[in-house]
Amino acid sequence: MTEDQEQQGHSGGQPEGASHSELRSIKLAKLAALREGGRDPYRHVRWDRTHNCGVIAPDFEQLEGSTVVLAGRVMSKRDMGKAAFLDIQDESGRVQLYFKKDKLDEAQGEGSFDAAMQLDLGDILGVRGTVFRTRTGQASVEVQAYELLCKTLETLPEKWHGLTDTEQRFRQRYVDMIVNRESLARLTQRSRAVAEVRRFLDQRDFLEVETPVLHAVCGGATAEPFVTHWNALKADYYLRIALELHLKRLIVGGMERVYEIGRVFRNEGVSTRHNPEFTMLELYWAYVDYSDIMQLTEDLVVHLADNVFQAREVTYGDYALKLEAPFAKMTFNEALGRYAGCTLADLTTLEQVRAQGERLGLHMPREAGYEKSLDEIFKEKVEPHLIQPTFIYDYPKGLSPLAKSMPRDIAREKGYPDEVEICYRFELFLACMEVANSFSELNDPIDQRARMEAQVADKAEGIAEVDEDFLTALEYGMPPTGGLGVGIDRLVMVLSGTPSIREVLAFPQLRDKK
RNA sequence: GCGCCAUUAGCUCAGUGGAAGAGCAUCUGACUUUUAAUCAGGUGGUCGAAGGUUCGAAUCCUUCAUGGCGCACCA
């Protein structure tokens with residue numbers, strides 16, 4: 001045997017090389033050696049830390065010379081033979097460790113330094129050491145003792161470019177989080193935002209509730225549901241597409257302020273703004289109307305900007321958003337007049353809507369009815385202008401089957417044409433994206449039944465069945481109530497300046513790979 | 001569902017018809033304050049998959065898979 005071959009043998013007798021399986025074999029050999037030496041890295045159950053890695057540099061003045069106990073993942077290694085620097089990171093940040101052969105071997109035993117040089121990037125290390133500053137001024141920890149708390153068998157992505165492959169970032173979010181710390185930060189921020197929504201509502205005496213995810217009858221929105229099967233009942237059930245109908249039942253039952261933050265499921269394609277399962281906040285507040293809810297919504301958005309994201313100005317793609325109250329407010333009708341050059345008075349019939357749509361150069365689908373066609377004009381001509389926070393309110397009734405209608409005399413006073421019924425509804429737009437939807441809730445059980453039955457009759461709406469129990473609940477009487485739905489993912493997107501919904505989801509929906 | 005683009009070593013990327021490459025990681029050696037450490041020498045490939053064209057294909061063609069972006073559906 002040559003000297004080289006002998007030395008390879010010492011590293012475990014595994015094939016030398018760098019294919020994925022070979023890299024793994026080398027680490028398995030290191031693991032086996034550790035276990036043989038009675039140092040199984042997986043045996044540890046706890047490691048009591050005195051500090052987080054991220055505080056060593058900023059709190060250096062207070063910490064200099066003191067002994068600290070830290071833990072973290074090895075992220076880089078600069079080995080200089082008889083001394084080495086390793087960076088470890090924990091949730092709080094990174095710190096540089098200094099290993100010095102003579103000192104470490106003296107403190108922890110002969111061979112400690114050489115064993116430390118067998119550490120791989122990605123290993124999780126516990127250390128005890130002294131805080132000091134290197135010659136170049138870098139706050140560091142000189143290690144007196146270390147313990148391998150977990151051995152990695154995989155190879156981390158490159159230290160400089162990191163992991164950029166989008167597919168792998170989403171499929172293996174844990175790797176993304178390790179090497180792209182902004183991903184960890186974004187998901188942390190999302191968690192804080194949701195917690196802050198709860199705190200905000202709890203302070204206002206709202207009750208958080210949980211309602212069923214499995215629905216026998218699907219309602220509360222117009223969307224295609226996912227269908228599942230309940231074996232014991234031998235019946236198909238639906239994953240909920242909205243929280244609305246159950247929350248209103250709780251209002252009927254006497255809760256006066258309720259909310260739920262929960263996952264809803266819509267059987268649709270994915271895009272930068274859509275994930276088939278997403279998180280919705282819905283709240284209902286008895287005895288207030290949509291204008292109160294508008295104020296609450298504005299307060300909530302600004303509160304989150306101040307308390308979680310610490311910024312009232314956000315760069316969102318090409319947009320510079322200013323989240324300053326009061327937000328712009330415009331009626332649906334005014335918005336049409338301003339951006340589409342026509343108002344509801346010009347849009348009282350399907351024929352007129354089609355004609356206006358064509359005048360504006362829009363493709364108006366033949367099968368679309370009045371409401372859908374009107375919505376087409378709004379989406380194409382108005383939404384692209386709603387960059388800064390804007391409340392659009394007073395929608396045509398047809399677009400809002402769960403919203404209370406504005407009485408004819410009031411609508412006439414406000415200048416709406418008699419032919420178009422208006423309802424008490426608003427939506428909040430941020431960066432041209434609908435983020436919140438609110439109504440003064442329809443509590444007329446007769447009207448609600450008529451609208452729901454019309455939806456079922458209109459095959460295009462795709463609603464199979466009326467939720468009879470919900471209608472019964474309304475017959476028992478629901479007080480005048482303001483309601484709100486907020487797409488939490490979208491709100492976090494905007495507030496964090498993240499133009500893709502996938503980035504604010506820990507595990508965005510991807511096709512199963514084989 | 002439709003269109004465009006992408007897919008090469010563990011990671012980041014070159015390579016447009018003629019011998020599969022680089023950097024990082026990894027392995028070996030040197031180096032006791034480095035920080036993208038440095039220096040020297042190695043290993044590592046089903047070029048996304050399957051067909052086809054060609055003397056010859058990572059490269060051209062077809063189909064498929066996955067992803068991204070846009071459209072459609074939708075919040």
Side-chain angles (χ1 to χ4, degrees), chain A residues 2-8 10-12 14-27 29-30 75-87 94 96-105 113 118 120-122 132-138 140 142 152-172 175 179 221-224 241-242 264 266-276 278-280 363 365 375 379 383 427-429 433-437 462 485-491 493 499-502 508 510-514:
Chain A
T2 66
E3 200 178 311
D4 275 9
Q5 284 168 327
E6 271 176 16
Q7 273 154 351
Q8 283 167 29
H10 285 300
S11 72
Q14 294 296 323
E16 198 185 358
S19 73
H20 183 234
S21 66
E22 287 162 340
L23 289 171
R24 189 163 178 276
S25 296
I26 291 163
K27 293 183 174 75
K30 288 179 180 176
M75 298 305 293
S76 71
K77 187 162 79 167
R78 294 175 292 283
D79 175 1
M80 283 165 305
K82 295 195 174 57
F85 294 92
L86 273 70
D87 294 343
R94 280 195 191 201
Q96 173 172 275
L97 304 178
Y98 179 52
F99 290 73
K100 200 172 179 185
K101 183 173 168 63
D102 49 5
K103 284 203 181 176
L104 182 62
D105 284 357
F113 181 84
Q118 290 297 302
D120 288 302
L121 302 190
F132 79 110
R133 217 188 265 288
T134 63
R135 193 179 289 160
T136 54
Q138 172 76 53
S140 308
E142 178 167 355
T152 182
L153 298 180
E154 286 287 343
T155 303
L156 286 181
E158 201 208 349
K159 63 183 172 188
W160 190 242
H161 299 95
L163 180 65
T164 61
D165 182 78
T166 317
E167 182 174 356
Q168 201 180 337
R169 285 185 51 235
F170 295 157
R171 287 195 194 277
Q172 294 184 282
V175 182
V179 299
T222 51
E224 187 71 21
I241 56 172
V264 300
R266 298 189 180 177
N267 208 334
E268 294 154 3
V270 299
S271 80
T272 47
R273 293 168 300 280
H274 300 85
N275 197 65
F278 63 102
T279 301
M280 184 95 111
H363 171 69
D375 198 37
K379 285 196 166 162
E383 280 190 14
E427 292 190 303
L428 172 62
F429 289 86
M433 193 161 60
E434 184 195 332
V435 169
N437 185 20
V486 177
I488 290 291
D489 314 272
R490 286 189 172 182
L491 184 58
M493 283 167 70
S500 170
I501 198 169
R502 295 179 187 97
L510 293 177
R511 211 177 286 257
D512 188 34
K513 209 171 181 183
K514 274 175 252 168

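The chains referred to below are lettered A, B, ... by the order of the sequence lines, with proteins before strands, and numbering in each begins at 1. Quick note: numbers below take in every heavy atom, side chains included, and nothing from hydrogens, waters or symmetry partners.
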Worksheet item: Hey, is A:Arg169 close enough to A:Asp165 for a salt bridge, meaning N to O under 4.0 Å?
Response: no
Discussion item. Could you check whether A:Asp102 pairs with A:Lys82 (Lys NZ or Arg NE/NH1/NH2 to Asp/Glu carboxylate O, under 4.0 Å)?
Written reply: no
Output the single nucleotide from [options] whose closest atom is nearest the side chain of [X].
X        : options             : answer
A:Arg171 : B:A75, B:U34, B:G67 : B:G67
A:Thr136 : B:A36, B:U32, B:U34 : B:U34
A:Gln138 : B:A75, B:U32, B:U35 : B:U35
A:Gln96  : B:A36, B:G68, B:U34 : B:U34
A:Asp79  : B:U66, B:U32, B:C31 : B:C31
A:Arg502 : B:G68, B:C31, B:A75 : B:G68

Quickly work out the [X] [atom1] to [N] [atom2] distance and round it to whole Å.
X        : N     : atom1 : atom2 : answer
A:Arg273 : B:C73 : CZ    : C1'   : 12 Å
A:Glu167 : B:A6  : CD    : P     : 16 Å
A:Leu153 : B:U26 : CG    : C1'   : 15 Å
A:Glu268 : B:C2  : CD    : P     : 18 Å
A:Lys101 : B:U34 : NZ    : C1'   : 18 Å
A:Glu142 : B:U32 : CD    : C1'   : 10 Å
A:Met75  : B:A36 : CE    : C1'   : 13 Å
A:Asp120 : B:C27 : CG    : P     : 6 Å

Any [X] side-chain nitrogen or oxygen under 4.0 Å from OP1 or OP2 of [N]:
X        : N     : answer
A:Lys159 : B:A37 : yes
A:Lys103 : B:U33 : no
A:Arg94  : B:U35 : no

Response to the item:
Taken in chain and number order and not counting sequence neighbours, the residues that satisfy side chain to side chain donor-acceptor pair (under 3.5 Å) with A:Thr152 are none
Discussion item. Just to verify, what does A:Glu268 make a side chain to side chain donor-acceptor pair (under 3.5 Å) with, not counting sequence neighbours?
Written reply: none
Worksheet entry | Test side chain to side chain contact (heavy atoms under 4.5 Å, CB included) applied to A:Lys103 - qualifying residues, sequence neighbours left out | A:Lys100, A:Glu142
Item to complete: Not counting sequence neighbours, which residues clear side chain to side chain contact (heavy atoms under 4.5 Å, CB included) with A:Arg78? List them please.
Response: A:Ser76, A:Phe85, A:Asp87, A:Gln96
Discussion item. For a 4.5 angstrom cut-off between non-hydrogen side-chain atoms, does A:Glu434 reach A:Leu428?
Written reply: no
Fill in: Flag side-chain contact, heavy atom, 4.5 Å: A:Ile501 against A:Arg273
no
Could you check which nucleotide pairs with [N] in any of the strands shown, counting Watson-Crick or G-U wobble with both distances under 3.5 Å?
N     : result
B:C55 : B:G18
B:G3  : B:C69
B:U62 : B:A50
B:A37 : none
B:G23 : B:C11

Provide the distance between the two [atom1] atoms, one in [N] and one in [M], to the nearest whole Å.
N     : M     : atom1 : result
B:G42 : B:U16 : P     : 27 Å
B:U54 : B:G10 : P     : 34 Å
B:A58 : B:U8  : P     : 15 Å
B:G23 : B:G15 : C1'   : 15 Å
B:A20 : B:C24 : P     : 24 Å
B:U33 : B:U28 : P     : 22 Å
B:U63 : B:C27 : C1'   : 42 Å
B:G52 : B:C13 : C1'   : 30 Å

Worksheet item: Taking atom types as they are modelled, is there a donor-acceptor pair under 3.5 Å from the base of B:U43 to the side chain of A:Glu22?
Response: no
Worksheet item: B:U34 base to A:Arg78 side chain: any donor-acceptor pair below 3.5 Å?
Response: yes
Fill in: Residues that A:Phe99 engages under ring-ring contact (aromatic ring centres under 6.0 Å, His included), provided they are two or more places apart
A:Tyr146
Worksheet entry | Residue whose closest nucleotide on RNA chain B lies nearer the 5' end, A:Gly487 versus A:Ser76 | A:Ser76
Worksheet item: For RNA chain B, whose closest nucleotide is more 5', that of A:Met280 or that of A:Leu510?
Response: A:Leu510
Worksheet item: Is there ring stacking between A:Phe85 and B:A37, where the centres must be under 5.5 angstrom apart and the planes under 30 degrees?
Response: no
Report each atom pair, protein N/O against N/O of nucleotides 9-13 of chain B, whose distance is under 3.5 angstrom.
unit_1 : atom_1 : unit_2   : atom_2 : d
B:G10  : OP1    : A:His20  : N      : 2.8
B:G10  : N7     : A:Ala18  : O      : 3.3
B:C11  : OP1    : A:Gln168 : OE1    : 3.2
B:C11  : O2'    : A:Glu158 : N      : 3.2
B:C11  : O2'    : A:Gly162 : O      : 2.8
B:U12  : OP1    : A:Thr164 : N      : 3.1
B:U12  : OP1    : A:Thr164 : OG1    : 3.4
B:U12  : OP1    : A:Asp165 : N      : 2.9
B:U12  : O3'    : A:Thr164 : OG1    : 3.3

Worksheet entry | Atom CZ of A:Arg94 with >12 non-hydrogen neighbours under 6.0 angstrom | yes
Could you check whether [X] gets within reach of a base, just the sugar-phosphate, or nothing at all, counting any heavy atom under 4.0 Å?
X        : answer
A:Asp105 : nothing
A:Phe170 : sugar-phosphate
A:Arg511 : sugar-phosphate

Worksheet item: Does any N or O in the side chain of A:Lys101 come within less than 3.5 Å of the main-chain N or O of A:Gly81, such that one atom is a donor and the other an acceptor?
Response: no
